Amino acid sequence: RVVEKLLIHSYFEYDFLDPAMAKALGALEMAFKIRHRELTGKQGRIYLSELNDYLHNNGYFEGERKGLLDALRNQRNNFAHPEKSFGGGLGLMKVFSHCVNLVNEIYEDRNMRLMRANEKKAINENLQKLTKSGAIVKDGNNSYIIYEASIEFINNAQTEKKYWGYFKLIFSLNGEQDEEKKDVNSLFYFEAESCEIDNKGSVVKFVITDNTIIQFLPITKKDHELRFDKWKNEFYASREGLDYNSQMNFEIDRKLAKIMSDFHHRK
């Protein structure tokens, strides 16, 4: 509540951002201490670095959080032992959502988290193997050549499991192609109810909510291979291509943050 009030006042007084951030990081540390006592029954002083290691190493966070935890601890140390005015400002606004998400994560079911992490890893290993040399995605009657696909989160905490993912397409394979026109380069999201991988790992299939099937397949035609290779060499050699890919990754992170927030606050 104090952090929220400080943030409201920071709309009028910019300097309120730093004390809000310091208070949020202090609240995060207190939450970690409470959870550590609940889990171990141990009382007494414990350092934030020890709390981070215990919770991270024992699977109480959603995925890899070591770098984030270290960064937040460093920020907390800057506030606790200041040598100069911090002046973090708007560039560090994500700290507040990180604090909320990390507290929520340490209270999720670890066994269910492990199951979804293992399934996500297995699916993505097959998707990455397919997209390494380009792949084809068939979405109903539409087909595209893509260069990246991933499952970002699996919600297995409710009766009906949900898979949330994306793919990045570059060429449409529907109808005649006009080589003078700029090729498609877009980000598509999907939410599925089930996933199936064939025995060879060469086809990954998802069933969408409306019973539409999305299939990820290897490229088999030589002209499609050549077209993909030409695009790949040009795309990754250009500043424009790398910047565009970074923008898409930022959008994916933003979407995932909203999905995770909804997941933690589910009824």
Side-chain angles (χ1 to χ4, degrees), residues 62-63 112-113 115-178 181-221 223-225 227-228 231-232 235 244-245 247-267:
E62 195 75 38
M112 299 193 81
R113 174 183 289 134
M115 286 189 287
R116 62 176 171 262
N118 288 338
E119 185 177 7
K120 173 185 169 181
K121 180 181 178 182
I123 294 171
N124 283 338
E125 283 177 350
N126 283 278
L127 288 175
Q128 288 163 12
K129 185 169 61 176
L130 283 171
T131 56
K132 185 177 181 180
S133 300
I136 290 177
V137 60
K138 288 187 176 180
D139 178 6
N141 295 322
N142 302 312
S143 296
Y144 308 92
I145 294 179
I146 64 170
Y147 70 99
E148 189 176 315
S150 176
I151 288 295
E152 291 296 289
F153 185 66
I154 301 173
N155 184 344
N156 63 343
Q158 294 172 305
T159 306
E160 295 182 355
K161 190 185 291 187
K162 297 289 185 182
Y163 300 78
W164 183 81
Y166 70 87
F167 57 87
K168 297 176 182 178
L169 66 86
I170 42 179
F171 305 132
S172 172
L173 298 178
N174 299 324
E176 294 296 324
Q177 299 298 311
D178 185 349
K181 291 184 178 179
K182 187 176 181 180
D183 290 308
V184 177
N185 195 339
S186 302
L187 175 65
F188 279 77
Y189 302 105
F190 64 91
E191 184 178 277
E193 294 181 341
S194 66
C195 175
E196 181 181 323
I197 303 173
D198 74 345
N199 293 331
K200 296 180 180 179
S202 57
V203 179
V204 181
K205 181 170 69 175
F206 294 94
V207 177
I208 310 303
T209 307
D210 60 1
N211 290 324
T212 299
I213 293 176
I214 291 182
Q215 296 185 79
F216 295 89
L217 312 155
I219 293 177
T220 55
K221 293 184 178 180
D223 59 330
H224 292 165
E225 290 179 1
R227 194 176 180 195
F228 172 79
W231 170 87
K232 182 180 179 180
F235 184 74
Y244 184 66
N245 199 53
Q247 290 173 15
M248 287 191 285
N249 290 338
F250 176 81
E251 175 66 15
I252 292 166
D253 290 342
R254 191 181 68 82
K255 290 273 189 182
L256 181 59
K258 177 64 168 62
I259 287 169
M260 293 303 302
S261 177
D262 292 343
F263 175 74
H264 291 312
H265 294 87
R266 65 192 183 279
K267 294 183 179 179

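Since the structure is predicted, the reported quantities are computational estimates derived from the model, not experimental observations.
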Report task. Determine the minimum heavy-atom distance between P218 and S202, stating which atoms define it. Result -> CD-O, 3.0 Å
Requested in this report: Could you check if a side-chain atom of K168 sits within less than 4.5 angstrom of a side-chain atom of N245, using non-hydrogen atoms only?
Outcome: yes
**Report entry** I151 backbone acceptor or donor facing N124 side chain under 3.5 Å
**Finding:** yes
Query raised in the report: Atom CD in E196, atom NZ in K205: separation rounded to 0.5 Å?
Result: 4.5 Å
Requested in this report: Evaluate the side-chain proximity of T131 to F216: yes if any heavy-atom separation is below 4.5 Å, no if none is.
Outcome: no
Query raised in the report: What is the distance from atom CZ of R266 to atom CG of N155, rounded to the nearest 0.5 Å?
Result: 6.5 Å
Query raised in the report: Can you tell me how far the CD1 atom of I146 sits from the CG atom of L130, to the nearest 0.5 Å?
Result: 8.0 Å
Query raised in the report: Are E193 and K161 ion-paired here, with the side-chain N under 4.0 Å from a carboxylate O?
Result: no
Query - Side chain D198, main chain V203, donor-acceptor under 3.5 Å - result: yes
Report summary line: For Y144 and S172 the tightest heavy-atom approach is CD2-CA, 3.6 Å
Query raised in the report: Just wondering, do V204 and C195 contact through their side chains at under 4.5 Å, heavy atoms?
Result: yes
Query raised in the report: Heavy atoms, side chains only, cut-off 4.5 Å: are H224 and L173 in contact?
Result: yes
Requested in this report: Would you kindly say whether K120 and N156 are connected by a side-chain donor-acceptor distance under 3.5 Å?
Outcome: no
**Report entry** salt_bridge(E251, R254) N-O dist < 4.0 Å
**Finding:** yes
Query raised in the report: Quick one: CG on D139 to CD1 on I214, what's the gap to the nearest 0.5 Å?
Result: 4.5 Å
Requested in this report: For this output row, return yes or no: ring centroids of F235 and Y147 closer than 6.0 angstrom.
Outcome: yes
Query raised in the report: Are the side chains of I123 and Y163 in touch, meaning some heavy atoms are under 4.5 Å apart?
Result: yes
Query raised in the report: Do M248 and Y166 have side-chain heavy atoms sitting under 4.5 Å apart?
Result: no
Report summary line: Of F206, Y189, F263, the one forming a ring pair (Phe, Tyr, Trp, His ring centres under 6.0 Å) with W164 is Y189
Query raised in the report: Could you give the distance from NZ (K162) to CZ (R116), rounded to the nearest 0.5 Å?
Result: 16.0 Å
Report summary line: Of all heavy-atom pairs linking Y244 and S186, the shortest is OH-CA, 4.0 Å
Requested in this report: Flag the pair F228 / I170 as yes when at least one side-chain heavy-atom distance between them is below 4.5 Å, and no otherwise.
Outcome: yes
Requested in this report: Using a strict 4.0 Å threshold on nitrogen-to-oxygen distance, state whether K258 and D262 make a salt bridge.
Outcome: yes
Query raised in the report: Rounded to the nearest 0.5 Å, what separation is found between the CE atom of M112 and the CD1 atom of I154?
Result: 11.5 Å
